[in-house]
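Report on the following structure.
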Amino acid sequence: MSALRPVRGTRDFLADDSRRRRLIEETALAIAAGYGYGEIATPIFEFTEVFARTLGDTSDIVTKEMYTFEDRSGERLTLRPENTAGVVRALLSNGLDQALPLKVFYAGPMFRYERPQKGRLRQFHQVGIEVLGIADALADVEVIAMGFDLLAALGVQGTVIVELNSLGDADSREAYRHVLVDYLSARRERLSADSLNRLERNPLRVLDSKDAGDREVVAAAPALGEFLNAPSRAFFARVCEGLDALAIPYRLAPRLVRGLDYYTHTTFEFVTEALGAQGTVLAGGRYDGLVAQMGGRPTPGIGWAAGVERLMMLLADAPPPRRPVAVIPFAAEQGIAALTIARRLRTAGHVAEVSLAGTVGKGMKWANRIGARAVPRSPSPVRSARG
RNA sequence: GCGGGAGUAGCUCAGUUGGCAGAGCACCGGGUUGUGGUCCCGGGUGUCGCGGGUUCGAAUCCCGUCUCUCGCCCCA
């Protein structure tokens, strides 16, 4: 019994689910292609190092959520928990840093050992984009616009709002981090256990705490925005100006910080109320420090990833399959003829299904059930089956 | 990883103080309808999530466990 059900946190995509997933992936691919992005498919597993080095030794993903194993030759491998590290690794592996900028789209499964919840699976799917080699804020604007275009194309942008913030450049972020740590350390006794832990590992994330006591402390904390240096402010202003010009609505979210260490400057989340606690549907930001951290020449980057299962839940209806023409043999010996007719119909661009077993009466019932548009029969060639 | 809620037929769900496991839909078989949607007849299709315990007797009470789910955490 236990072997006959899916592993915790995994699920099957039946026909309906698969049409939803393909709609999302194909829509995302089409939009990315419209912006001139090519598709990249990196391996589903990489050396553990690829993720451990890039995601930061203190991130939850690295410390407790990775599916890591040793293969038969003793290599330490990890199922990808996200795809940015893989893209950057591919950039370096293939010498693509000689041909910047690189603009890519990807889609595929990711794996994280988390406690499953609606919209949070252990094998889940993402579509995403990355732009490497562009330091200008124009790239940030374009990338956010693409996210907006995707949600609009899926018809769900009405339920989603863009939250936007800037972490500033590395200097600004570092300067603020010191100030924040000092401030929080002086108020340790008022922080939750979770936030004390964050204070050690990733202090900026305390800003995002949902604990009421933490929020009081955070409300009076020095603001990140005030510690941005002049270039960082100018950069963020340019992003906002661009979004305004493109009429992309957003909301400034001064407390929005991302969990992964490599983010700089722009950070954003497309959030919905409709999915409860797992309401972030698409998120990303700029990661100018990442390529260098992986051992390449310093190269700016920005991108986002969207959760396919979460988008699927926002989609009102699964796109219907094309209505078929049902071909029903009049008698057993006409079966081959039915297959032949069906092939001709397909050549002519129809979806055609043959009743492969059973009586004519059963075949007609089947034709109704599958919503057939017409049923070829003799003596007349076709006759409407329903609508 | 932490705290709550829930698991009964393929689906949605009833099941009283512990006393023969049920309904609707779906499905299967047969018939009717000019070879079709309607209709009629017949069929319950089940490890009551799983494993223990209490009891003459457990879907029901107790313990454990698994899964889903809500929140936290984390994040897409």
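Order of the sequence lines sets the chain letters (A, B, ...), proteins ahead of strands, with each chain counted from 1.
Side-chain N/O atoms of Asp211(A) and Ser192(A) include no donor and acceptor closer than 3.5 Å.
Here Gly9(A) lies in heavy-atom contact (under 4.0 Å) with sugar-phosphate atoms only.
Within a 6.0 Å sphere centred on CZ of Arg343(A), heavy atoms belonging to other residues, nucleotides or ligands number 12 at most.
The side chain of Arg120(A) lies closest to A76(B) when the candidates are A76(B), C75(B), C70(B). Relative to the side chain of Arg8(A), the nucleotides C74(B), C68(B), G71(B) differ in distance, and C68(B) lies closest. For Phe124(A), whose side chain is taken as the heavy atoms from C-beta onward, the closest listed nucleotide among G3(B), A76(B), C74(B) is A76(B). Among the nucleotides C70(B), G1(B), C74(B), the one closest to the side chain of Tyr113(A) is G1(B). Of the listed nucleotides (C72(B), U69(B), C75(B)), U69(B) has the atom at the smallest distance from the side chain of Lys118(A). Checking A76(B), C68(B), C74(B) against the side-chain heavy atoms of Ala305(A) singles out A76(B) as nearest. Here the nucleotide nearest the side chain of Arg115(A), chosen from A76(B), C2(B), C73(B), is C2(B).
Arg205(A) has no side-chain polar atom (N or O) that falls below the 4.0 Å cut-off from OP1 or OP2 of C73(B). Taking only side-chain nitrogens and oxygens, Gln117(A) never comes nearer than 4.0 Å to OP1 or OP2 of C68(B). OP1 or OP2 of C75(B) has not a single side-chain nitrogen or oxygen of Arg310(A) nearer than 4.0 Å.
Pair assignment for G44(B) gives none, since no Watson-Crick or G-U wobble pairing has each distance under 3.5 Å. Under the Watson-Crick or G-U wobble criterion, with both distances below 3.5 Å, G7(B) is paired with C66(B). A 3.5 Å limit on both hydrogen-bonding distances identifies C13(B) as the Watson-Crick or G-U partner of G22(B). Across all strands shown, the partner of C72(B) is G1(B), judged by Watson-Crick or G-U wobble contacts whose two distances both fall under 3.5 Å. With a cut-off of 3.5 Å on both pairing distances, G57(B) has no Watson-Crick or G-U wobble partner at all.
You'll find the side chain of Pro222(A) reaches within 4.5 Å of the side chain of Tyr183(A), heavy atoms only.
Between Leu314(A) atom CG and A76(B) atom P the separation is 16 Å, expressed in whole Å.
The aromatic rings of Phe111(A) and Tyr67(A) sit perpendicular to each other, their planes meeting at more than 60°, with 30° as the lower class boundary.
Comparing Asp194(A) and Gly119(A) by the nucleotide of RNA chain B whose heavy atom lies nearest to each, the residue mapping closer to the 5' end is Asp194(A).
Here the closest non-hydrogen pair linking Pro109(A) and Gln123(A) is CB-NE2, 3.6 Å.
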